[in-house]
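First the structure, in the form of structure tokens, and then the observations on it.
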Amino acid sequence: QEQPIESGGGLVQAGGSLKLSCAASGRTFGSYAMGWFRQAPDEEREFVASVSRSGAGIVYADSVGGRFTISRDNAKNTAYLQMNSLKPEDTAVYYCAVGRNMYASRLPANYAYWGQGTQVTVSS
């Protein structure tokens with residue numbers, strides 16, 4: 001499994017939307033959960049959302065529930081994070097991660113491979 005690659009970040013006004021993508025190589029992409037985390041300046045990395053291997057199991061952080069949607073397309077080896085109603089406090093570097101098993105999880109320790117991150121900036 002190689003390092004996943006995020007894309008789709010950028011600058012958006014509050015209330016706007018962005019869709020992040022995470023491309024992961026390897027024949028076993030469909031065997032593992034995928035997760036999104038974020039880290040704002042001077043803050044700890046925090047969990048955002050996770051989706052199980054099949055896509056049936058999904059977990060969100062309370063701060064993004066109802067606004068963000070995680071999904072995956074195993075045929076394309078890609079995971080997505082649709083972000084709506086963005087707020088300035090959503091500003092952070094967003095990281096994609098490949099899980100160590102098939103279960104959605106909030107815990108960073110349950111992820112084996114991490115991307116380099118993509119910057120999301122929400123202006124007020």
Side-chain angles (χ1 to χ4, degrees):
Q1 188 75 47
E2 296 180 3
Q3 184 179 46
I5 300 174
E6 305 95 338
S7 62
L11 173 64
V12 64
Q13 288 188 331
S17 298
L18 281 175
K19 186 173 184 177
L20 305 183
S21 297
C22 172
S25 63
R27 294 181 294 114
T28 59
F29 172 84
S31 298
Y32 301 101
M34 297 292 295
W36 288 95
F37 293 76
R38 67 187 182 186
Q39 187 168 17
D42 300 322
E43 299 286 338
E44 295 288 324
R45 187 173 297 189
E46 66 172 355
F47 168 77
V48 175
S50 179
V51 59
S52 66
R53 175 188 64 179
S54 68
I58 291 177
V59 182
Y60 293 104
D62 290 344
S63 59
V64 305
R67 299 188 299 123
F68 290 11
T69 302
I70 189 171
S71 61
R72 65 188 297 160
D73 185 338
N74 288 343
K76 296 182 178 179
N77 283 7
T78 302
Y80 305 96
L81 186 68
Q82 176 68 47
M83 305 185 295
N84 298 328
S85 302
L86 282 162
K87 305 175 182 180
E89 50 264 44
D90 294 318
T91 295
V93 177
Y94 283 70
Y95 298 90
C96 170
V98 180
R100 297 184 185 276
N101 56 51
M102 62 181 174
Y103 303 107
S105 173
R106 300 173 181 268
L107 301 178
N110 286 341
Y111 294 86
Y113 300 94
W114 294 79
Q116 293 292 324
T118 185
Q119 177 70 47
V120 171
T121 303
V122 184
S123 62
S124 57

- Could you pull out all residues at least two apart from Glu89 that satisfy side-chain hydrogen bond (donor to acceptor under 3.5 Å, both in side chains)? none

- Message: So, using side-chain hydrogen bond (donor to acceptor under 3.5 Å, both in side chains) as the criterion, who are the partners of Gln119 when residues are at least two apart?
- Response: Thr121

Please tell me if the side chains of [X] and [Y] come closer than 4.5 Å, counting only heavy atoms from C-beta onward.
X     : Y     : result
Val98 : Met34 : yes
Leu18 : Phe68 : no
Met83 : Arg67 : no

- Task: Rounded to the nearest 0.5 Å, what's the gap from SG on Cys22 to OH on Tyr94? Could you check?
- Result: 15.0 Å

- Query: Rounded to the nearest 0.5 Å, how far does CZ of Arg45 lie from CZ of Arg38?
  - Reply: 13.0 Å

Would you say [X]'s side chain and [Y]'s backbone share a donor-acceptor pair under 3.5 angstrom?
X      : Y      : value
Gln82  : Thr69  : no
Thr91  : Val122 : yes
Tyr111 : Ser105 : yes
Gln39  : Glu44  : no

Tabulate below the donor-acceptor pairs under 3.5 Å that side-chain atoms of residues 53-66 make, not counting sequence neighbours, or state none.
from	atom 1	to	atom 2	distance (Å)
Ser54	OG	Ala56	N	3.2
Tyr60	OH	Ile70	N	2.9

- Under the salt bridge (Lys or Arg N to Asp or Glu O under 4.0 Å) test, residues paired with Arg106 that sit two or more places apart: none

- Show your reasoning for whether side-chain contact (heavy atoms from CB on, under 4.5 Å) applies to Asn110 and Tyr103. CA-CA 9 Å; Asn110 286 341; Tyr103 303 107; over 6 Å; no

- Message: Parallel, tilted or perpendicular: which one describes the rings of Phe37 and Phe47, with boundaries at 30° and 60°?
- Response: perpendicular

Shortest non-hydrogen contact from [X] to [Y]?
X     : Y      : value
Ser50 : Ala104 : OG-CA, 3.2 Å
Gly99 : Tyr32  : O-CD2, 3.3 Å
Trp36 : Ser21  : CH2-O, 3.6 Å

- Task: Tell me whether Val48 is reachable from Trp114 by hopping between hydrophobic residues (I, L, V, M, F, W, Y) whose side-chain heavy atoms are closer than 4.5 Å.
- Result: no

N/O donor-acceptor pairs under 3.5 Å from side chains in residues 7-17, not counting sequence neighbours:
from	atom 1	to	atom 2	distance (Å)
Ser17	OG	Asn84	OD1	2.9

- Message: If the test is side chain to side chain contact (heavy atoms under 4.5 Å, CB included), which one of Ile5, Leu81, Leu20 qualifies with Thr118?
- Response: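 When Ile5, Leu81, Leu20 are each tested with Thr118, the side chain to side chain contact (heavy atoms under 4.5 Å, CB included) holds only for Leu20.
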
- Applying ring pair (Phe, Tyr, Trp, His ring centres under 6.0 Å) to Tyr95 and not counting sequence neighbours gives none

